[in-house]
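Structure first, then comments.
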Amino acid sequence: MKPSPPSLSPDQLETLLSRKITPARPRPGFTGRVMERLPTPGEVPARPGVPPWGFAIAAAVVAGLVVTALLFQETREPGPGPVADASTQPTHQAVNIRAGLGAPTIDAGLWTGFPIEKGLAEESDALRKDVGRFGGYLVRTIPRLPAPAPGLGG
Amino acid sequence: MTADQPSDEELARAAHEGSPEAFSVLVERHHLKLFHFLHQITRDREEAEDLAQETFVRAFRKLGSYREQRGRFPSWLFTIARRLAIKAWRKRPPLQPLEPSITRQLVAGDAAPDDARDFSWVWQQARRALPADSFMVLWLFYQQELPLEEAALALGRSPGATKVLLHRSRRRLAAVIDADHARECLLPTRSNHPLSIA
C-alpha cells in the first residue's frame, strides 16, 4: 500500500497562496460602461444623517414625555396602602421600592406607593434585607427624618 | 499617493460632491482587482463584469455613507462586492474538489513551459472545497494583500474572528491540496532558478 504523502507545511501553503495568479481582465471600456450606468445627480440620495424635521420630531417627543410625566406626578393618587397610625411609626418611614416612578412618597406617616412584585425585591440581597411587608405591600424602610423642632415655623 | 495623484478618499469626497470624473478615476484604479476577485468567484467573465459594474454603481450611490476613518476605500468596495459575490456563490451548485490528476492537467494545459508557473489551480481547488467566506478571506489576504484589519472590514467580521477564519481556511485547504503536486509547483522553474542562464 502506497503511503500517503506528508501534507503541506504551513510555510509551503503560505508560499503557494501568495503566488500571484494571472489576473482576469474585463472587456476594454469597462470604466465607460460603469459611468453610463451611474445614476444622475438627482437620483443619488443625499448623505444620510438626521434631517432638519428629524430634530423637530425628536424635540416634540421629548416635550410630550416631559408633559406626561408632570401630569402623572400631579394626578397620581396615593396608592391603596394603609394609613399608618403615627403612634406605630416610631423610627422609620417607608419608601416605595419603585422609586423610579417618582420621589419617595412617604410623608407624615402615610404609606403610599404601588404594589411591587416579590421577584423584584428578591433579586438583590441588599434589597431583601431591608424590604418588609406592610399591609400587603412591600416597602423598604429608611431612617425617619427628624421632625422639625417646635417653634421654628413650618 | 503623490501630490499629483489624489488619494482614494479625496476622490470619493469629490465624487460625492458631484464630480463624475473623480469617480471614473476610482473605477479605473480599482476595477481590475475587483473584477479578478469576482471572476474567481463566478468563473464566468460576463457575470463577473456585471457584478463588478453593479458594485461600482452601488458604491456611487452609497458614497455618502463611506467613512474614511473606518477603513480604506478598497476594503469598503470589497464589502459591497462581497455581498453580491455571496449571492452569486449561492446560485451555483456545490462543486466537488478536483482530483489530483485533474489539477495536474490544469497546470500542464495552462502554463507556458518557460513562463512563471500558473497557480490558479490552487484557487480553483479553494473555490470548490471551501465555504464562501473562507475562500474570500484567503483571497483578500494573499492575493489582494489586504491587511488583516482591512480584510475583516470587507468581510464584516472582527479582526479576531477573521484571524481564526484565516487559520481554519488554510487548514481546510491544506487537507484537499495534492501536497506532492504543490511541492513540485513550488520548485524553481528554469526561468526563475537562480542558476538559470538568461
Side-chain angles (χ1 to χ4, degrees), chain A residues 1-66 68 100 123-124, chain B residues 15-16 18 20-21 23-29 31-40 43 45-46 48-49 52-57 60-65 110 115-123 126 138-139 141-143 145 170-171 173-175 177-183 185-186:
Chain A
M1 185 177 154
K2 190 181 171 187
S4 59
S7 59
L8 284 178
S9 71
D11 280 352
Q12 286 173 325
L13 186 63
E14 290 250 341
T15 310
L16 205 59
L17 290 167
S18 302
R19 292 290 173 87
K20 298 291 175 288
I21 64 174
T22 314
R25 288 173 179 276
R27 288 178 290 131
F30 177 87
T31 302
R33 289 193 293 280
V34 170
M35 297 309 288
E36 281 172 14
R37 282 185 60 179
L38 292 186
T40 55
E43 294 171 344
V44 180
R47 190 184 184 95
V50 182
W53 47 264
F55 288 110
I57 289 177
V61 169
V62 170
L65 287 173
V66 169
T68 308
E123 277 174 10
S124 154
Chain B
H16 180 58
E21 295 78 21
F23 194 73
S24 75
V25 177
L26 283 172
V27 176
E28 197 59 37
R29 199 178 272 179
H31 79 281
L32 286 180
K33 283 185 173 183
L34 192 68
F35 179 82
H36 193 24
F37 167 68
L38 291 166
H39 186 252
Q40 282 298 315
R43 307 298 302 169
R45 192 172 289 271
E46 290 292 321
E49 177 164 336
Q53 285 187 20
E54 183 62 25
T55 302
F56 281 113
V57 171
F60 185 76
R61 285 180 183 276
K62 293 180 178 178
L63 274 173
S65 66
D110 287 354
D115 203 351
R117 297 234 168 108
D118 187 354
F119 288 83
S120 62
W121 65 272
V122 177
W123 293 98
L138 291 174
W139 182 269
F141 191 74
Y142 288 104
Q143 289 290 311
E145 295 182 329
R170 273 195 301 248
R171 207 171 49 186
L173 182 61
I177 280 197
D178 177 4
D180 277 348
H181 178 46
R183 274 188 279 267
C185 287
L186 289 172

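Throughout, a chain's letter reflects where its sequence line sits, starting with A, and its residues are numbered from 1.
You'll find the ring centres of B:H36 and B:W139 inside the 6.0 Å limit.
Within the 4.5 angstrom heavy-atom criterion, only side-chain atoms of B:L173, from C-beta onward, approach chain A. The contact between B:R45 and chain A is made entirely by side chain atoms (from C-beta outward), counting heavy-atom distances below 4.5 Å. Only the side chain of A:L13 comes within contact range of chain B, judged by heavy atoms closer than 4.5 Å. In this structure, the portion of B:E46 lying under 4.5 Å from any heavy atom of chain A is its side chain and not its backbone. Contact of B:V122 with chain A is made through the side chain alone, with heavy-atom distances under 4.5 Å. When heavy atoms are compared at a cutoff of 4.5 Å, B:A52 approaches chain A by way of both its backbone and its side chain.
By number of non-hydrogen pairs under 4.5 angstrom with chain B, the leading residue of A:T15, A:T22, A:V34, A:L16 is A:L16. Between chain A and the residues B:G18, B:A182, B:A175, the most heavy-atom pairs under 4.5 angstrom are made by B:A182.
The main-chain N or O of B:V57 is never found under 3.5 Å from a side-chain atom of B:K62 such that the two would form a donor-acceptor pair. Judged by distance alone, with hydrogens and angles left aside, the side-chain atoms of A:R33 form a donor-acceptor pair with the main-chain N or O of A:R27 at under 3.5 Å. Checking side-chain atoms of B:K33 against main-chain N and O of B:H31 turns up no donor-acceptor pair under 3.5 Å. Remark: side-chain polar atoms of B:H39 are not paired, donor with acceptor, to backbone N or O of B:F35 under 3.5 angstrom.
A salt bridge does not link B:E49 with A:R25: none of the charged nitrogens is closer than 4.0 Å to a carboxylate oxygen.
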